[in-house]
Every structure is written in structure tokens, then in C-alpha cells.
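This one's a predicted model, so the numbers in the text were calculated from it and none came from an experiment.
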Amino acid sequence: MMKLKCPAPAPIACLLVLLLGSTSGFSPSSLQSKHLTCPSTLAKPFTSTFKSLHCNNNDIHRNGGGRLYMSEGTEAAAVPPKGGFIQKIKSKIPPAAERKKLVPLALMFFFILFNYTILRDTKDVLMVTAKGSGAEVIPFIKTYVNLPTAIGFTALYSKLCDRMEQKDVFYTCTIPFLFFFLAFAFIIYPNVGMLHPHAFVDKIALALPEGFGAPLAIVRNWSFAVFYVMAEMWGSVVASLLFWSFANEVTTVEEAKKYYPLFGLGANVALIFSGQYVRFVSTLRAGLPPGIDPWGMSLKYLMGAVSVSGGCLVALFNYMQRKVLTDPACVDQEKQAAKKKRKKTKMGLRDSAKFLLSSSYIRDLATLVISYGMCINLVEVSWKSKLKAAYPDPNAYSSFMGNFSSATGTVTLIMMLL
């Protein structure tokens, strides 16, 4: 399978990624496998329950640097060793060079999805249970707030890619998210009574038709709307854009075929853990003394966990930059040097749109994303409005969403294993 890479300066391609809606779980797309053809003429089929291929070590395909990829060795493997079950298990363990980069990558994806589950559940609690608000504001936020933000970030990301190295782009895009979520819990939310213009919006609402209730709710609870958009952008920017572009940079196509599905399993494990953490934090309100806002305290615990998890993410990325990308056994240094010397093609919005529209593959992807978003919006509003009626308290709503996320991760994990 040929690996597609969108040029960094192509803004519309990045925008297509940013407009992906929230999902209950992440799992990489199925990758088409291809068999390794061994040129050895010594292969003979066995009449037993399996057929295997014998070939000399010299017949196995090697890359330009003389390094044998695990994917090439395992597909041309000889008869399983006579060591029993333990030997078979050991033969499935990746070599040290692959473990050195795949384990940190898997942990990075775990922390990203751990954060995203907490943020996704929290943003719904804030907007749906806020004063004068409800589930009906969600389509308005996604259309009139999230979409312009995505377009603006597309332009910003294009500029950053032109002027910075990829590692600096990762730091520049990730660290501000973590500072914002921490500041929201400890600075912004405790002062929402002063920051939110409830009296002003109430006066305007008297002069406007009832249909303006949802847009006015966004203005009334503007800091919650900003948090909602930042949480959405974490999934689109950090999970979909930054992580997968970095993963594609450090892994070969053969490694991706074998290990990307395992990333999907780890992502759903992250859903289970983060969902239970949300539920646990939501139950802490029972032991709080009078006069303390239970939801405000829960928010501090949740965003504190997001900051710690984000710090682990940045530390792992820094480790990859220092120990993995500089190791010839893990990454082809000649290809890395060629990428840095390659001149980037600069394309504006109009040129990018023409280029992408000429591709039937991209048009099909755009149709899929738009259809998915429409289905989500139709179901999401009615479902979350019922949840608000059943769980009007923010902590009760958050506890339910935590259990729901864990259940979603469990079911998805089982389906992937089956």
C-alpha cells in the first residue's frame, strides 16, 4: 500500500483533518497486506496442516541500509521453532530497534486519547448544563465557533510548517492547549460569575425572538464555548494531525501494517481508564464540606490529570527526538536528511482547493467526513438533551459520561479483538 502524505503547506488538506467530528474511540484504518515473495527455489509445500516457506538468510529482501525489517523476516519465516509455546511467543516480540520507537509511540497515543476522553466528556457537561443553555447549542458552536477556529488554525499551521521544523510545530501546537486547560480550571471557572454577561444577555433576549436562544447561550457562557472548541481542537489537531504525521514519519509502511492496529487497541484502553477516572472524580463531591463548589473541585482534578498526561506526552515526544530519530537502527538517517533538504512547495488556499478537488480519493474522503458529521449532529442533540433531563447536576452528568466512555471503549476493544 502506498502511503499518502499531504504536503505541509496544503491548508485545505489540513482543514479536512481538523473538521473530523468527535468520536467515541479511535482505531486506525485497516491496512492492506502484501506478501513477501521469496526468490528461493528450495520451498516445498508440506502435507501437514500448514505450508511454510524455507529460504536462506541471503534470499530475504533487505533495505538499502542492510537492515532486516521484522515484517520481512516474519512473512518469510520458516517452520515454527521446536521450542513450544514460549518460543512461539518470543518469536512474536518485535526486535529491540522496533520496540524502542513503537512503545513510546503507543504511550503517546494512550496519553492523547486519555486527555481527549476527559475533555470530550467535560465540554459536554459545561455547555449542556450551563445556565440558559442546553444540547441545542451544540450545532451552533460547531458551525459558528468551531468551523472559523479550524479555518484560522489551518492558516496558522501552514505558516508554522513553512517556518519551523516538525518537532517545533508539535511543541508550539501542544503546549498552549495544556496551559489553557489548566488556567480554565484554576482561574477562569472560579470567576465565571464575573466573566459571563448574564444580565446583558437577559436584556437582549427580551428584544429578540425565541429562536435566538441558542446563539445567546453561547454569548452568555462564552468561556464554556471556548473550552468546548479547545477540547474539539485537541482531538483534531493533536490526535489526528500531529500524532499521525509524526508516526508516519518514524515508522515504515511494513511496520505500520503490523502495529497501527495495536495503537487502536491501546486507544480504547485509554477510553476505559479515562472514563473510570471521570466517574471517580465525579463521586468525590459526597465528601466535600459545605461552601465548596463540587463541580469546580471536580474540574480541577480533571484538568490536573489532563496537564499531567500532557506533560508525559511532551516528555515522550522529546525522548523520541533525542533517542529514536537519531538512532540509525530505528530510523533511516539518509531519508531523514533528504526530507530536511527537500524544498517545500508553497500553495495558497485556492491552489490547494484545486489540487485536492482533482483527486477522487480526497473527494470521497470529504464526502465521508461530511456525512459522518451530519449523522452525529442529528443524533447528538436529541440524545444529550435527554441526558440533561435525567442528570441535571454537572457531577451526575459527568459520572454518567465517564461510565459511557468506559463502556464504549470496552465494546470497541472486544469488537476489534473479534
- Task: Just do the ring-ring contact (aromatic ring centres under 6.0 Å, His included) check on W244 and Y260 with the steps written out, would you?
- Result: CA-CA 10 Å; W244 286 115; Y260 278 11; 5.0 Å; yes

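In this structure, S223 and H196 have side chains that are in contact, with non-hydrogen atoms separated by less than 4.5 Å. Between T172 and L160, the closest side-chain pair of non-hydrogen atoms falls below 4.5 Å. At least one side-chain heavy atom of S245 sits less than 4.5 Å from a side-chain heavy atom of Q166. Residues K258 and E98 have side chains in contact (heavy-atom distance under 4.5 Å, counting atoms from C-beta outward). No side-chain heavy atom of I204 sits under 4.5 Å from any side-chain heavy atom of V201. Looking at heavy atoms from C-beta onward, T122 lies out of side-chain contact with F224 at the 4.5 angstrom threshold. Side-chain contact check for K159 versus T154: every heavy-atom pair is 4.5 Å or farther apart.
By the 6.0 Å contact criterion, OH on Y301 is open, its count of non-hydrogen atoms from other residues, nucleotides or ligands being 12 or less. Heavy-atom neighbours of F179 CZ from other residues, nucleotides or ligands within 6.0 Å: at or below the threshold of 12. For Y319, the OH atom counts as densely surrounded, since its 6.0 Å shell holds more than 12 non-hydrogen atoms of other residues, nucleotides or ligands.
The salt bridge (charged side-chain N to carboxylate O under 4.0 Å, His left out) search around K384 returns D124, E380, not counting sequence neighbours. Remark: D327 engages K100 in a salt bridge (charged side-chain N to carboxylate O under 4.0 Å, His left out) (not counting sequence neighbours). Residues passing the ring-ring contact (aromatic ring centres under 6.0 Å, His included) test with Y171 are F317, sequence neighbours excluded. Applying the salt bridge (charged side-chain N to carboxylate O under 4.0 Å, His left out) criterion to D202, with sequence neighbours excluded, gives R220. For F180, the ring-ring contact (aromatic ring centres under 6.0 Å, His included) test picks out no residue, with sequence neighbours left out. Considering only residues two or more places apart in sequence or on other chains, S382 meets the side chain to side chain donor-acceptor pair (under 3.5 Å) condition with none of them. N221 is linked by a side chain to side chain donor-acceptor pair (under 3.5 Å) to nothing, counting only residues two or more places apart in sequence or in another chain. For the ring-ring contact (aromatic ring centres under 6.0 Å, His included) test, no residue two or more places apart in sequence or in another chain qualifies with Y277. Under the rule for a side chain to side chain donor-acceptor pair (under 3.5 Å), the partners of S282 that lie at least two apart in sequence or sit in another chain are S398. In this view, F184 and F227 satisfy the ring-ring contact (aromatic ring centres under 6.0 Å, His included) rule, not counting sequence neighbours. Applying the side chain to side chain donor-acceptor pair (under 3.5 Å) rule to S133 yields no partners; only residues at least two apart in sequence or on another chain are considered.
Remark: the backbone N or O of T252 is paired with a side-chain donor or acceptor of E255 at under 3.5 angstrom.
Ring centroids of F404 and W383 are separated by less than 6.0 Å, placing the two rings close together. In this structure, Y116 has its ring center no closer than 6.0 Å to that of W234.
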Side-chain donor/acceptor pairs under 3.5 Å, residues 102-109, sequence neighbours excluded:
none

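Between the side chains of R120 and S405, at least one donor-acceptor pair of N or O atoms lies under 3.5 Å.
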